[in-house]
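In the text below, chain A, chain B and the rest are named by the order of the sequence lines, each starting its count at 1. FYI, side chains are in, hydrogens and waters are out, and symmetry mates aren't considered; it's all heavy atoms of this structure.
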There are 2 protein chains.
Amino acid sequence: MDDRAKKIGGKEMIGQQMASSLERRSGVSLWRQIADQILQSIAVGDFAENAALPPEVALAERYGVNRHTVRSAIAALVQDGVLRAEQGRGTFVLSRKRLSYPIGARTRFSEGLQGQASERRSVLLEAAVEPASRRVAEGLGLARGSVVIRLETRGEADGQAVSRATGWFDAARFAGIDAAMAETGSVTASFQRFGIGDYLRQSTVLSARHADAADLADLDLQPGAIVLVTVAVNVTPDGQPIQFAETRFPAERVELKLSAL
Amino acid sequence: MDDRAKKIGGKEMIGQQMASSLERRSGVSLWRQIADQILQSIAVGDFAENAALPPEVALAERYGVNRHTVRSAIAALVQDGVLRAEQGRGTFVLSRKRLSYPIGARTRFSEGLQGQASERRSVLLEAAVEPASRRVAEGLGLARGSVVIRLETRGEADGQAVSRATGWFDAARFAGIDAAMAETGSVTASFQRFGIGDYLRQSTVLSARHADAADLADLDLQPGAIVLVTVAVNVTPDGQPIQFAETRFPAERVELKLSAL
DNA sequence: AAAATTTGTCTATTGATATAGACAATTATA
DNA sequence: TATAATTGTCTATATCAATAGACAAATTTT
């Protein structure tokens, strides 16, 4: 109604909330849509950290739903550790900002996160040796069916999962890289053991989808969450492919910053 | 069960489907989760174009749900024009590929799509003059509250919406750019009228979220769809910001290719 | 102290989601 | 031609999602 008055105010035309009606009978419940919008509002800065959300009745009116529906959305975000509700006082924003992941030709994953998280580490979940799929073989420039090493890793910042990667390496060239990864916890350090001091990100393809069951478990997400997916090929400075990797990032906790490369 | 046999075959460890259980009481209905997974399987190449999907009973068994639930998922994808069901024969994959959007320091949106779509155009939906929000002012390096021109555009390829952009320009410097855009349908061509022959993409921040109501309408998406969001600043070669833009891409139809630049 | 505000809990009702089973209609196969 | 396989339609039932209203509990404001 009079929400339209804000249109020219220029406060936040983008975050949308504006004429934010919801879609019914869509397969996505209203409470989840509202939870997503609240998350988005927080990310965009509509609600500051430690600030109080509008009261439930106000939110219900804004979204055009029953108060209980708003409560379901809030309950999910409280469960997620995003909000804290206090009886009689209000509902408050806890954590706010998303980790900003720099992506560039030379960016290593553990770099560039300085100041954003105090503790940053990579956990090796699984290592396996297997024949290369067509996709992996093409990416690494190997013959179809060549033997490759697959490493499954999870990145954590301050104890929270922020990335989940699957990387493939030529088994002939990088035998034992799984042990190196387990020891050093870093791809860059592991490459150095194989005489590779520098490497570049040759190409990156980016997409997004709903998190599947494996992602939900590995990244500690709630069902319905979105993951950003990057598929990248890393090469030596002379253009030789050394790693093919698919990385999933929880969209609610991470944004990707494409630096001028 | 014997699906695990595929694990070492290396067919598609990534697309997941593997131990793809679903999440119940998650706010996202099972039929939508299944529809998303089928879409993903198609995108990843598990189901080729024109190929038949496994029969409904097989899918129901694989996902551990009732046949009718699978039917709901298929019905949604048929509605979307992704699948075609034929009684007695089976269900078949119609369209497959996602448009691949190149993103680089010098990439213009209409460039680089050669061969992927025969008809490519940009439609100006709305133009407005308004005070700059904090976010926009910072991006353009203007004083808070400076007057800016906002352009709302939709990109189409072969008649299908593939992008939805909101761009801001300094009104003092680019007065009349709305008319130029309406006439030329191109940002690059419009800039040339203001004496700007070349410009660079200074920074790009990438995120993903569920499409909101406005996106659903503008991009012709089904509720629950995911959009990739880029927030970028374009600058002249000497570093002067000339455009601040947020673009939404439908994740089911578009992937972003970060070219090495 | 009293009133107003805000979150928490409870009951009840309606519609969408999911399961279950049966059978029809269409097509492909033996 | 008969059989099998596959999608389409129908009925019935249980659970989740959403609405509605009332009141309790805690906190802030008057």
Side-chain angles (χ1 to χ4, degrees), chain A residues 20-38 47 50-94 210 213 222-224, chain B residues 20-38 47 50-94 210 213 222-224:
Chain A
S20 65
S21 49
L22 303 170
E23 300 295 323
R24 291 168 188 260
R25 71 194 70 172
S26 67
V28 182
S29 62
L30 295 182
W31 63 262
R32 176 150 290 283
Q33 293 182 56
I34 292 171
D36 285 342
Q37 293 204 16
I38 292 176
F47 304 135
N50 290 325
L53 246 59
E56 295 169 346
V57 280
L59 287 174
E61 192 180 0
R62 170 185 302 191
Y63 290 114
V65 300
N66 190 275
R67 177 182 156 227
H68 295 292
T69 307
V70 169
R71 282 182 60 75
S72 296
I74 290 176
L77 295 176
V78 167
Q79 181 69 25
D80 271 25
V82 175
L83 299 177
R84 180 186 67 246
E86 293 181 29
Q87 184 169 158
R89 290 189 20 110
T91 305
F92 302 88
V93 178
L94 284 181
H210 283 122
Q222 296 301 111
Chain B
S20 64
S21 50
L22 302 170
E23 303 293 325
R24 292 171 186 257
R25 69 196 69 176
S26 66
V28 182
S29 62
L30 294 182
W31 64 260
R32 177 150 288 284
Q33 293 182 56
I34 292 171
D36 284 343
Q37 293 205 16
I38 291 176
F47 304 134
N50 291 324
L53 246 58
E56 295 169 348
V57 280
L59 287 174
E61 193 180 1
R62 171 186 300 189
Y63 290 113
V65 300
N66 191 275
R67 177 182 157 227
H68 295 293
T69 307
V70 168
R71 282 181 60 75
S72 295
I74 290 176
L77 295 176
V78 167
Q79 181 70 23
D80 271 24
V82 175
L83 300 177
R84 180 186 65 246
E86 294 181 27
Q87 184 169 159
R89 300 199 48 204
T91 304
F92 302 88
V93 177
L94 284 180
H210 283 121
Q222 296 301 114

Residue set satisfying side chain to side chain donor-acceptor pair (under 3.5 Å) with B:Arg71, at least two apart, ordered chain then number -> B:Glu56

Between CZ of A:Phe92 and P of C:dT7 the distance, given in whole Å, is 8 Å

5' to 3', nucleotides 21-30 of chain D under a 4.0 Å protein heavy-atom cut-off (B base, S sugar-phosphate only, - none) gives BB--BBSS--

Winner on side-chain proximity to B:Arg71, out of C:dT9, D:dT7, C:dA18, is D:dT7

Between B:Ala35 and B:Leu77 the two heavy atoms that sit nearest each other are O-CD1, 3.8 Å

When every non-hydrogen atom of A:Val78 is compared with those of A:Ala85, the smallest separation belongs to CG2-N, 4.3 Å

Among the nucleotides C:dT7, C:dA18, D:dT7, whichever has the atom closest to the side chain of A:Ala85 is C:dT7

CZ (B:Phe47) and CD1 (B:Ile38) are apart, to the nearest 0.5 Å, by 7.0 Å

Measuring to OP1 and OP2 of C:dT17, would you say a side-chain N or O of B:Thr69 lies under 4.0 angstrom away? no

For A:Pro55, the side chain to side chain contact (heavy atoms under 4.5 Å, CB included) test, sequence neighbours excluded, returns A:Val57, A:Ala58

To the nearest angstrom, the CG-C1' distance between A:Leu83 and C:dT6 comes to 15 Å

Residue set satisfying salt bridge (Lys or Arg N to Asp or Glu O under 4.0 Å) with A:Glu86, at least two apart, ordered chain then number -> A:Arg84, A:Arg89

Rounded to whole Å, CZ of A:Arg32 lies from P of D:dA18 at a distance of 11 Å

Assign each of A:Ser29 and B:Gly90 the nucleotide of DNA chain D bearing its closest heavy atom; nearer the 5' end lies the nucleotide of B:Gly90

Sugar-phosphate, base or nothing in reach of B:Thr91, heavy atoms under 4.0 Å: sugar-phosphate

Residues at least two apart in sequence or cross-chain that pass side chain to side chain contact (heavy atoms under 4.5 Å, CB included) with B:Ala76, listed by chain then number, are B:Trp31

Interatomic distance, OH@A:Tyr63 vs CD@A:Gln33, rounded to 0.5 Å, equals 10.5 Å

In whole angstroms, the gap separating P of C:dA16 from CG of B:Leu30 amounts to 17 Å

B:Thr91 meets the side chain to side chain donor-acceptor pair (under 3.5 Å) criterion, sequence neighbours left out, with none

In numerical order, the residues of residues 50-61 of chain A whose heavy atoms come under 4.0 Å of DNA chain D are none

